[in-house]
Protein chains: 2
Amino acid sequence: MVGKDYTSIQKQFGDNLQKIRHNKGLSLRALAANCEIDDSKISKIENGKFNIKLSTIIELAKGLEVKPADLLDF
Amino acid sequence: MVGKDYTSIQKQFGDNLQKIRHNKGLSLRALAANCEIDDSKISKIENGKFNIKLSTIIELAKGLEVKPADLLDF
DNA sequence: AAATCTGCGGTCACATAAGACCGCTATTTA
DNA sequence: TAAATAGCGGTCTTATGTGACCGCAGATTT
């Protein structure tokens, strides 16, 4: 373990992402189709397994049709 | 060039970051001291040279005393 | 029962952010 | 005029996110 642990933030982000996706009534594969991100990866993100990059946040927001800032509103 | 190009989004993020930093009257080194991120790296981020991770967005927000979402509000 | 959908876990090569440095050029100030 | 201060560019190693896959269990639909 070299750096700090960010799994808590990753989980918060993931929970928020999943909540928004459910609100939009989208399945993992449906969202995946909208944003060119593999569905298994979105699953991992929702479960707090990744410290994703800015570009991925942008893509997810696009696929969900929300503002990028909304994904960080938690 | 393997993936998409996100420099435009990186630049927008960087501009926004710099604007907020200036609003707070902080120098690169002052902000760096607040968030444990090297000042030269913050400079590069502000100039759109990095596709930073979620954890870095969180750290910058902490150092600037703003909400993470504010950094994506552009 | 069979087909489909949904969420999720794992693999592997590759690209790149992170982290910790150094040092230069201006500009400001003591 | 010397010394901080501010912005920025470059280097090197290491850690890890990305992208593209595969396959499975459980629920739902036909």
Side-chain angles (χ1 to χ4, degrees), chain A residues 1-66 68 71-72 74, chain B residues 1-66 68 71-72 74:
Chain A
M1 180 85 60
V2 172
K4 284 210 201 81
D5 181 36
Y6 291 102
T7 52
S8 157
I9 282 117
Q10 291 171 24
K11 280 189 205 304
Q12 290 177 63
F13 179 91
D15 286 347
N16 193 39
L17 168 60
Q18 190 169 66
K19 191 186 320 175
I20 295 175
R21 179 172 65 81
H22 285 155
N23 283 157
K24 299 274 178 173
L26 295 169
S27 71
L28 284 177
R29 285 181 174 76
L31 174 55
N34 290 349
C35 62
E36 305 179 48
I37 295 175
D38 190 273
D39 63 284
S40 80
K41 182 174 176 181
I42 299 176
S43 168
K44 289 161 196 158
I45 295 169
E46 289 186 352
N47 286 293
K49 308 224 172 89
F50 281 117
N51 187 4
I52 60 173
K53 297 185 185 179
L54 174 60
S55 56
T56 305
I57 297 176
I58 301 296
E59 291 295 333
L60 288 169
K62 207 179 302 179
L64 288 165
E65 298 182 301
V66 299
L71 287 172
L72 289 196
F74 54 84
Chain B
M1 178 85 63
V2 172
K4 283 212 202 79
D5 180 38
Y6 291 102
T7 52
S8 158
I9 282 116
Q10 291 171 26
K11 280 187 206 305
Q12 291 177 63
F13 180 91
D15 287 346
N16 193 40
L17 168 61
Q18 189 170 66
K19 191 187 319 176
I20 295 174
R21 179 172 63 82
H22 284 155
N23 284 156
K24 299 275 178 175
L26 295 170
S27 71
L28 285 176
R29 285 182 175 78
L31 173 56
N34 289 350
C35 60
E36 305 178 51
I37 295 176
D38 189 273
D39 64 283
S40 80
K41 182 173 178 182
I42 299 176
S43 168
K44 289 161 198 158
I45 294 169
E46 288 187 351
N47 286 293
K49 308 223 172 89
F50 280 118
N51 187 4
I52 59 173
K53 297 184 186 179
L54 175 60
S55 56
T56 305
I57 298 176
I58 302 296
E59 290 295 333
L60 288 170
K62 209 179 300 180
L64 287 165
E65 299 181 301
V66 298
L71 286 173
L72 288 195
F74 54 83

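In what follows, chains are A, B, ... by sequence order, proteins preceding strands, each numbered from 1. Computed from a predicted structure; not experimentally measured.
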Residue that, paired with A/E46, satisfies side chain to side chain contact (heavy atoms under 4.5 Å, CB included) out of A/N16, A/L28, A/D15 = A/L28
CD/B/E65 to SG/B/C35 distance, rounded to the nearest 0.5 angstrom?
-> 11.0 Å
Within the distance-only criterion (no hydrogens, no angle test), does the side chain of A/D38 pair as donor or acceptor with the backbone N or O of A/S40 below 3.5 angstrom?
-> yes
Round to the nearest Å and state the distance from A/D38 atom CG to C/dC12 atom C1'.
-> 14 Å
For B/Y6 and A/E59, run side-chain hydrogen bond (donor to acceptor under 3.5 Å, both in side chains): C-alpha distance rounded to whole Å, both residues' side-chain angles, the deciding distance at 0.1 Å, then the answer.
-> CA-CA 10 Å; B/Y6 291 102; A/E59 291 295 333; 2.7 Å; yes
Round to a whole Å and report the spacing from CD1 of A/I37 to P of D/dA20.
-> 11 Å
Nearest 0.5 Å, what's the OG1-CG distance between A/T56 and B/N51?
-> 7.0 Å
To the nearest angstrom, the NZ-P distance between A/K41 and C/dG7 comes to 18 Å
Pairs under 3.5 angstrom, nitrogen or oxygen only, protein versus nucleotides 23-25 of chain C, please.
none

Provide, to the nearest angstrom, the distance between the CD atom belonging to A/Q18 and the C1' atom belonging to C/dC8.
-> 11 Å
In whole Å, what is the span from the CG atom of A/L26 to the P atom of C/dC5?
-> 15 Å
Tell me whether the OP1 or OP2 atom of C/dT6 has a side-chain N or O from A/R21 closer than 4.0 Å.
-> no
About how many Å separate CG of A/L72 and CD of A/Q12, when rounded to the nearest 0.5 Å?
-> 10.5 Å
Sub-3.5 Å donor-acceptor pair from the side chain of A/D39 to the main-chain atoms of A/A32, do we have one?
-> no
Per B/K44 side chain, nearest of listed nucleotides D/dG9, D/dT18, D/dC8 | D/dG9
How would you label the contact of A/S27 with the nucleic acid (heavy atoms, under 4.0 Å): base, sugar-phosphate, or nothing?
-> sugar-phosphate
To the nearest angstrom, how far is B/Q10 atom CD from C/dA17 atom C1'?
-> 10 Å
Whole angstrom value for the distance that separates P of D/dG19 from NZ of B/K4 | 8 Å
Sub-4.0 Å heavy-atom contacts from residues 47-61 of chain B onto DNA chain C, ordered by number = B/F50, B/N51, B/I52, B/K53, B/T56
At what distance, to the nearest 0.5 angstrom, does OG of A/S43 lie from CZ of A/F50?
-> 10.0 Å
Let me know the distance between CD1 of B/I42 and P of D/dG9, rounded to the nearest Å.
-> 14 Å
Could you please spell out the steps behind the side-chain contact (heavy atoms from CB on, under 4.5 Å) verdict for A/N34 and A/K62?
-> CA-CA 8 Å; A/N34 290 349; A/K62 207 179 302 179; over 6 Å; no
